[in-house]
Amino acid sequence: MGDKDKKGGESSKSKTFNDLDERFQWQEGMDPDHIFPEEKEMIAELRSKIPELERESDKFIAVFLFARRHAMPEVLELLKKYYEYKDQYGFHTHPTFTYHKELEKSQLDTAIIQFKGQRDRHNRILRYYIMSQDRPSSRTVESVITMWFWQTAYMIETEPLNAWRNGIVICVDLKDMSLKNLDMSSKQKEITRAMQGVFPFRIRAMLACNGGMFLSAMISAAKLFLPKKLMSRIQVIKDNKSLFEIIPKETLMKASFGGDCPLVKEDYFTEIKATEAVLFEKGIWQIPSPTSPSAGGPQFKSDDGKEDKKGKGKK
């Protein structure tokens, strides 16, 4: 593979919607998880340089390729940081919602919701962020990073690559939020830095809905810790009609966004547990063993309530 190809999309100068090179654009009729031959070559090269990738699927590695638009030096740096953080926080495999109970509390405190298969009109992965339910004071950097390790593994298992290529759109509900839902601390800045440099999330748009009087405050707070590139992707949605032009009404949550989808936050947790049960049943994920020090996996609590990093399961 030549140096030109290692840098990603330099061979094609025309602009694409998802900012990936033209030769990596998914087309109708392809398998949703299609990986192009050139991407397979890149994946093989990454496997030769990062031993931890031995346990990961090609699909998992492909998502990291998309996150850095196939620029191999940057992809390599992202993966190295990802595994450095996993080692730092004691996860030798991916934490799971079922066996790491702190994840449920983290999800409650961050007010993030996502249902499998929901897309906007550009086939981007749809997520919801209900700011009035956010509790930044009750979370730690460690709890958020643990949640992102889980989200990375869970989302890669449950969302196809054709959607990952297009990135993520976040629908932000600002209704009923207050100052306690804003976090302008150094802790939040550290969390944001980790999100940008460690995890493969490509946030392509943030749709600010139901802004009211707090819209200016939210944007001012965001400027303190979000990079200019991400700030440029914030779109202020003035009414439901504008929102439905981006996301089909039948897809949007009825609660908060005025769509036709009746699902609520409790359904999200039900879906997660049911999905993980299937992943365990099919052997895609392995039930962690608290008695196997070398197995890898989520942390367990010892009898004195301290974290015991010995109890790690094998994926």
Side-chain angles (χ1 to χ4, degrees), residues 51-61 63-64 79 81-117 125 127-128 133-135 138-159 164 191 194-195 198-201 263-315:
E52 292 89 343
L53 292 178
E54 180 182 0
R55 70 180 69 185
E56 309 293 3
S57 66
D58 283 359
K59 180 180 179 182
F60 181 90
I61 303 170
V63 170
F64 282 80
L79 281 164
K81 286 185 178 180
Y82 178 84
Y83 286 108
E84 285 173 4
Y85 262 62
K86 285 193 76 174
D87 184 63
Q88 177 182 338
Y89 288 95
F91 294 106
H92 293 276
T93 59
H94 311 299
T96 68
F97 200 91
T98 306
Y99 291 96
H100 197 292
K101 298 303 180 183
E102 287 298 310
L103 282 171
E104 185 163 355
K105 183 179 185 301
S106 296
Q107 286 292 99
L108 285 168
D109 290 343
T110 54
I112 294 173
I113 304 173
Q114 178 186 337
F115 300 107
K116 289 188 299 182
I125 297 169
R127 309 194 78 185
Y128 302 101
Q133 298 178 17
D134 198 6
R135 302 177 179 88
S138 65
R139 62 176 177 251
T140 64
V141 174
E142 291 78 8
S143 67
V144 174
I145 288 176
T146 299
M147 178 184 67
W148 282 342
F149 278 127
W150 165 74
Q151 284 186 350
T152 300
Y154 180 82
M155 287 176 64
I156 290 174
E157 292 291 353
T158 56
E159 301 292 350
W164 275 103
I191 289 172
M195 181 184 71
V198 178
F199 298 93
F201 305 127
L263 297 175
V264 294
K265 192 169 188 176
E266 289 73 16
D267 297 309
Y268 174 49
F269 291 117
T270 300
E271 180 180 273
I272 291 170
K273 292 172 182 177
T275 300
E276 286 200 349
V278 172
L279 293 173
F280 288 125
E281 182 181 353
K282 291 184 176 180
I284 298 172
W285 286 0
Q286 298 295 320
I287 297 175
S289 170
T291 61
S292 177
S294 62
Q299 298 172 348
F300 290 76
K301 298 290 183 179
S302 60
D303 292 338
D304 60 3
K306 296 180 180 179
E307 286 183 338
D308 177 10
K309 295 183 181 180
K310 293 181 180 180
K312 299 171 182 135
K314 183 179 180 182
K315 184 185 172 189

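Not measured: the values here are computed from a predicted model. Scope of the values below: all heavy atoms of this structure, side chains included, with no hydrogens, waters or symmetry mates.
Here the OG1 atom belonging to T146 is positioned 11.5 Å from the CD atom belonging to Q151, to the nearest 0.5 angstrom. Atom CE of M147 is separated from atom NE2 of H100 by 12.5 Å, given to the nearest 0.5 angstrom. The structure places CZ of F97 at 6.0 Å from NZ of K273, a figure rounded to the nearest 0.5 Å. In this structure, T152 OG1 and W148 CH2 are separated by 9.5 Å, a value rounded to the nearest 0.5 Å. The OG1 atom of T158 sits 8.0 Å away from atom CG of L279, with the distance rounded to the nearest 0.5 Å. Within the model, atoms CZ of R127 and CZ of F115 stand 12.0 Å from one another, a figure rounded to the nearest 0.5 Å.
Across F64 and V198, no two heavy atoms sit closer than the pair CE2-O, 4.1 Å.
Legend: residues meeting salt bridge (charged side-chain N to carboxylate O under 4.0 Å, His left out) with D267, ordered by chain and number and at least two apart, are absent. With sequence neighbours excluded, the residues forming a side-chain contact (heavy atoms from CB on, under 4.5 Å) with S143 are S106, R139, T140, listed by chain and number. Residues passing the side-chain contact (heavy atoms from CB on, under 4.5 Å) test with T270, sequence neighbours excluded: none.
Between the E52 side chain and the Y83 main chain, no donor and acceptor come within less than 3.5 Å of each other.
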Fill in: Verdict with reasoning, L263 to Y128, per side-chain contact (heavy atoms from CB on, under 4.5 Å)
CA-CA 12 Å; L263 297 175; Y128 302 101; over 6 Å; no
Discussion item. Please determine whether side-chain contact (heavy atoms from CB on, under 4.5 Å) holds for the pair I125 and W164, giving the CA-CA distance in whole Å, both sets of side-chain angles, and the decisive distance to 0.1 Å.
Written reply: CA-CA 7 Å; I125 297 169; W164 275 103; 3.9 Å; yes
Fill in: Audit row: Y99, E276, side-chain contact (heavy atoms from CB on, under 4.5 Å) steps and yes/no
CA-CA 10 Å; Y99 291 96; E276 286 200 349; 5.8 Å; no
Item to complete: Report the C-alpha distance between T98 and W285 in whole Å, list the side-chain angles of each, state the deciding distance to 0.1 Å, and finish with yes or no for side-chain contact (heavy atoms from CB on, under 4.5 Å).
Response: CA-CA 11 Å; T98 306; W285 286 0; over 6 Å; no
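Using a 30° and 60° split on the angle between ring planes, H94 and Y82 fall in the tilted class, from 30° to 60°. Taking the six-membered ring for Trp and thresholds of 30 and 60 degrees, F199 and F201 have nearly parallel ring planes, at less than 30 degrees apart.
Inspection of the Q114 and E159 side chains reveals an N or O donor paired with an N or O acceptor under 3.5 Å.
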